[in-house]
Number of protein chains: 2
Amino acid sequence: MGKQMTEMLKGTLEGIVLAILSVRPAYGYEITARLREEGFSDIAEGTIYALLVRIEQKGFVDVEKIPSEKGPPRKVYSLNAQGQEYLDEFWTTWGFLAERLGQLRDEGGK
Amino acid sequence: MGKQMTEMLKGTLEGIVLAILSVRPAYGYEITARLREEGFSDIAEGTIYALLVRIEQKGFVDVEKIPSEKGPPRKVYSLNAQGQEYLDEFWTTWGFLAERLGQLRDEGGK
DNA sequence: CGTCGCTATTCAGCGTTACTATGTACTAGT
DNA sequence: ACTAGTACATAGTAACGCTGAATAGCGACG
């Protein structure tokens with residue numbers, strides 16, 4: 001993907017991952033794979049793992065280690081109450097920005 | 001504004017400013033004021049000026065120095081062809097992201 | 001005349017974030 | 001033994017927006 005997307009993901013990628021976790025718990029490798037399927041083709045694994053460490057330290061998720069049939073044990077993350085609250089704020093912020101941008105786009109006549 | 005907005009603006013603020021310039025040329029102080037009116041209450045002046053320097057160096061805008069009735073001369077920026085092209089790319093990138101996020105938001109049932 | 005307030009631009013230093021590029025470890029198939 | 005797929009981790013880098021301050025021109029007011 002381009003540099004534009006890279007910069008645009010700053011601040012939103014965290015919300016995206018939290019939103020994924022709000023649907024149901026998931027582990028890092030799984031999240032990466034799902035993002036790739038959904039078109040975020042160039043999101044590096046390392047990026048997701050680092051992000052997961054961050055949201056864990058912020059206390060937005062609960063973690064459970066579950067053995068895998070193939071490979072090392074999975075760290076399954078689930079959104080907790082604090083994370084849900086932060087996710088709600090995220091949607092509010094995103095909503096504001098999306099509204100402004102939509103308006104600007106119309107003004108530009110595109 | 002919050003830290004969320006700060007991070008989310010990374011990568012989008014540049015597009016926002018280019019979109020503003022696509023409507024009509026403007027100078028730094030004016031852009032800052034307009035953004036504040038439109039709800040981006042806490043965007044620092046320094047941020048805008050730094051951004052303007054950046055997009056000038058990238059060759060997205062043409063610059064003209066015009067004396068002001070009150071105060072030092074204004075640097076009026078206008079979007080050129082290369083900037084318009086970049087702006088188009090920006091809208092494409094934004095469109096993709098907004099679509100994904102909209103979908104995620106629906107899945108989350110919010 | 002001085003200084004206060006508005007206009008207008010610039011810059012050094014900082015924190016946060018995503019990317020690059022690795023490395024580790026476990027299992028299954030050939 | 002070797003490879004591929006699964007799964008996690010981390011050190012170093014670059015980009016971006018913010019903080020806080022400095023500089024400077026101009027008008028109005030006491």
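Below, chains carry the letters A, B, ... as their sequence lines are ordered, and counting in each starts from 1.
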To check you understand the geometry: which heavy-atom pair defines the closest contact between [X] and [Y], and what is its length?
X       : Y       : answer
B/Val76 : B/Pro25 : CG1-CB, 3.8 Å
A/Ser22 : A/Leu79 : CB-CD2, 3.6 Å
B/Leu21 : B/Tyr77 : CD2-O, 3.5 Å

Between [X] and [N], is there a contact of a side-chain N or O with OP1 or OP2 at under 4.0 Å?
X       : N      : value
A/Lys75 : D/dA9  : yes
B/Ser68 : C/dA8  : yes
B/Tyr29 : C/dT9  : no
A/Arg74 : D/dC8  : no
A/Arg54 : C/dA18 : yes

Take the protein atom [atom1] of [X] and the nucleotide atom [atom2] of [N], then report the distance between them rounded to whole Å.
X       : N      : atom1 : atom2 : answer
B/Glu7  : C/dC14 : CD    : P     : 18 Å
B/Glu45 : C/dC11 : CD    : P     : 15 Å
A/Leu9  : C/dT17 : CG    : P     : 13 Å
A/Phe90 : C/dT17 : CZ    : C1'   : 14 Å
A/Gln4  : C/dC19 : CD    : P     : 14 Å
A/Met8  : C/dT16 : CE    : P     : 23 Å
B/Glu14 : D/dC16 : CD    : C1'   : 9 Å
B/Tyr27 : C/dT7  : OH    : C1'   : 8 Å

Nearest to the side chain of [X], which nucleotide is it out of [options]?
X       : options                : value
B/Lys10 : C/dT16, D/dC8, C/dT7   : C/dT16
A/Thr6  : D/dA15, C/dC19, D/dT6  : C/dC19
A/Lys3  : C/dT16, D/dG17, D/dC16 : D/dC16
B/Leu51 : D/dG17, D/dA7, D/dC8   : D/dG17
A/Tyr49 : C/dT17, C/dA18, D/dT10 : D/dT10

Under 4.0 angstrom, heavy atoms only, what part of the nucleic acid is A/Leu13 near: base, sugar-phosphate, or nothing? sugar-phosphate

If you look at every strand shown and take non-hydrogen atoms under 4.0 Å, does B/Gly46 touch a base, only sugar-phosphate, or nothing? base

Any carboxylate oxygen within less than 4.0 angstrom of a Lys/Arg side-chain nitrogen, looking at A/Lys3 and A/Glu7? no

If you assign A/Glu69 and B/Tyr77 each to the DNA chain C nucleotide with the nearest heavy atom, which residue ends up on the more 5' nucleotide? B/Tyr77

Using the closest heavy atom to pick a nucleotide of DNA chain D for each, name whichever of A/Pro72 or A/Lys65 lands nearer the 5' end. A/Pro72

Closest-nucleotide mapping onto DNA chain D: is A/Val53 or A/Gly71 further toward the 5' terminus? I mean the 5' end. A/Gly71

Between the main-chain N or O of B/Tyr29 and the side-chain N or O of B/Tyr49, is there a donor-acceptor pair closer than 3.5 Å? yes

Show me the donor-acceptor pairs, under 3.5 Å and distance only, between side chains in residues 56-64 of chain A and residues at least two apart or in other chains.
from	atom 1	to	atom 2	distance (Å)
A/Lys58	NZ	A/Glu14	OE1	3.3
A/Lys58	NZ	A/Glu14	OE2	3.3
A/Asp62	OD1	A/Asn80	ND2	3.4

